[in-house]
Protein chains: 2
Amino acid sequence: MPRSARPTPARSDVTTRLREAITRGQLMPNERLVEADLAATYGVNRAHIRTALAMLDQEGLVVRERNRGARVRAITDAEALEIAETRLALETMVARQAAAKITDTDRKALRAIEADMRRAVKDADDMAFSRCNGALHREIQRIASNATATRILSTLRSHLVRLQYRVILLPGRPQSSLAEHQAIVAALCANDANAAEKAMRRHLTSFTTLLKQAIDAARHGGF
Amino acid sequence: MPRSARPTPARSDVTTRLREAITRGQLMPNERLVEADLAATYGVNRAHIRTALAMLDQEGLVVRERNRGARVRAITDAEALEIAETRLALETMVARQAAAKITDTDRKALRAIEADMRRAVKDADDMAFSRCNGALHREIQRIASNATATRILSTLRSHLVRLQYRVILLPGRPQSSLAEHQAIVAALCANDANAAEKAMRRHLTSFTTLLKQAIDAARHGGF
DNA sequence: GCCGCGCAGATTGTCAACAATTTGGATAAC
DNA sequence: GTTATCCAAATTGTTGACAATCTGCGCGGC
């Protein structure tokens, strides 16, 4: 039987679609998530929305109060830093593990992404740079093949994506970030776990510091 | 109105009860979780069970296959090590943060738990020791007040509890574990972030190593 | 004996209706 | 003008029924 007119048009993962809507900022923090509305929007039953909200609650992207419904969880500045630091701790571990497991194929993949990233910096293409950034980190996680850490990092990232742009758009950030990434790639390709961990720590420390500055600037300046 | 005959007898968190049933081993790995049965067991509606299963799925404690229901997720040996290593990375960070924030009240609490632990070792009371162990780690997390890391660690722990006993019951383990914990407490009380991180790393590295040995022994020996 | 076929039971997926609760505003009292 | 009270609309919580799907078993053909 051809599935031309499929009965469930990708309705299986409303959770994914809702998650993306939140991380992309289409649903603003503290915005109420009315089950009936969401059901209508995504063309599914209220039960689907209900379980999706339960999962996103567990994931920390929404909060639910009994009889009061769900809202997009607004993360505080302090929490953003917590997340950035937790990410740092995990990604340094992942970098170390990746250095121990890397193969020639992996090296090629890393260098390809690095080349893309260099190009993006030269062209001053922030969007492309951001994509390469994500791709590189994900590739390192794939090499480390630590499913547990990868899963946790992906949920942490979903909380950070919105803030990330503030940092990337800082003047001179792409250049220094590129250098940091190159150091990471070099260490990984050399099988040097210590150097890889150190390079990743330096990279993410710098990210965290800049994030902190961006947050402070937002608080005092134009909020 | 008095709530003598309360309408919802703690039915609100079937999720918690299910989670505990799994972590305590009352529900075995790969055991099928039939919604109707669970609903009857816990005296709630199938919808409750359904959302509980969705959350525990997100948490990684159960797996669900479409139209085939949910089962308790069986974690592999490799995964157990992944989890232990991830835990190590997070708890070393937490130890560092706790050292930076510790107050006199916190110091007292830590020393009290340490005393309990010493007593448990002297009495060779493994259960009490295990409780103190958990209490100490939780207290350190509370001091660090990194909600993000604490949340992640609590789910990681839920995966490790069953394996934990294998390690604790090894001969001589309580004694060496006690010494490791004392080093951690001392470093924390001295506000020494570097020493605290180092002590925690040593402690959890030793735990991870023993866990690895226990796994290998189980594989080759009597499993 | 072995393999495919199909049926019945068990189980999950979907849905709509109803009950319970909250929320905002209108109304009345002061 | 302010506050308290109550009602109606909106929203979530709960339940049961039905449809879709899977699973195991018996039956028949070879």
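Computation of the quantities below employed the complete heavy-atom set of this structure, encompassing side-chain atoms and omitting hydrogens, waters and symmetry-equivalent molecules. The chains referred to below are lettered A, B, ... by the order of the sequence lines, with proteins before strands, and numbering in each begins at 1.
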Find the distance [X]:[atom1] to [N]:[atom2] and express it as a whole number of Å.
{"X": "B:Asp37", "N": "C:dT12", "atom1": "CG", "atom2": "C1'", "result": "13 Å"}
{"X": "A:Arg64", "N": "D:dT11", "atom1": "CZ", "atom2": "P", "result": "18 Å"}
{"X": "B:Glu35", "N": "D:dT15", "atom1": "CD", "atom2": "P", "result": "15 Å"}
{"X": "A:Arg50", "N": "C:dA16", "atom1": "CZ", "atom2": "P", "result": "16 Å"}
{"X": "B:Arg46", "N": "D:dC18", "atom1": "CZ", "atom2": "P", "result": "14 Å"}

B:Ala99: which residues meet the side-chain contact (heavy atoms from CB on, under 4.5 Å) condition with it, sequence neighbours left out?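 For B:Ala99 the side-chain contact (heavy atoms from CB on, under 4.5 Å) partners, ignoring immediate neighbours, are B:Leu188, B:Ala193, B:Ala196.
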
* To do: Evaluate whether atom NZ of A:Lys108 has more than 12 neighbouring non-hydrogen atoms of other residues, nucleotides or ligands under 6.0 angstrom away.
  =>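 Count not over threshold, so no.
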
**Asked** Is the shortest distance from a Lys or Arg side-chain nitrogen in B:Arg142 or B:Glu139 to a carboxylate oxygen in the other one below 4.0 Å?
**Response**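 A salt bridge links B:Arg142 with B:Glu139.
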
_Side-chain N or O of B:Asn45 versus OP1/OP2 of D:dT15: is the shortest distance under 4.0 Å?_
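Checking B:Asn45 against D:dT15: at least one side-chain N or O falls below 4.0 Å of OP1 or OP2.
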
Next on the checklist: So B:Leu33, base contact, sugar-phosphate only, or nothing? Heavy-atom distance under 4.0 Å.
Outcome noted: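 Sugar-phosphate: the residue B:Leu33, judged by heavy atoms under 4.0 Å, touches backbone atoms but no base.
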
Under 4.0 angstrom, heavy atoms only, what part of the nucleic acid is A:Ile49 near: base, sugar-phosphate, or nothing?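 Nothing, no heavy atom under 4.0 Å.
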
key: Minimum heavy-atom distance between B:Cys132 and B:Ile113, given as atom pair plus value   =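 Residues B:Cys132 and B:Ile113, closest heavy atoms: O-CG2, 3.8 Å.
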
>> So which atom in A:Glu59 and which in A:His159 form the shortest heavy-atom distance, rounded to 0.1 Å?
In response: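 Minimum heavy-atom contact is O-NE2, 3.5 Å.
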
Please write out each protein N/O paired with an N/O of nucleotides 20-23 of chain D under 3.5 Å, distance rounded to 0.1 Å.
| residue | atom | partner | partner atom | Å |
| --- | --- | --- | --- | --- |
| D:dT21 | O3' | B:Asn67 | ND2 | 3.2 |
| D:dT23 | OP1 | B:Arg68 | NE | 3.2 |

Subject >> Where at least one partner belongs to residues 147-165 of chain B, residue pairs that pass salt bridge (charged side-chain N to carboxylate O under 4.0 Å, His left out), sequence neighbours excluded >> reply: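 Salt bridge (charged side-chain N to carboxylate O under 4.0 Å, His left out) check on residues 147-165 of chain B returns no pairs.
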
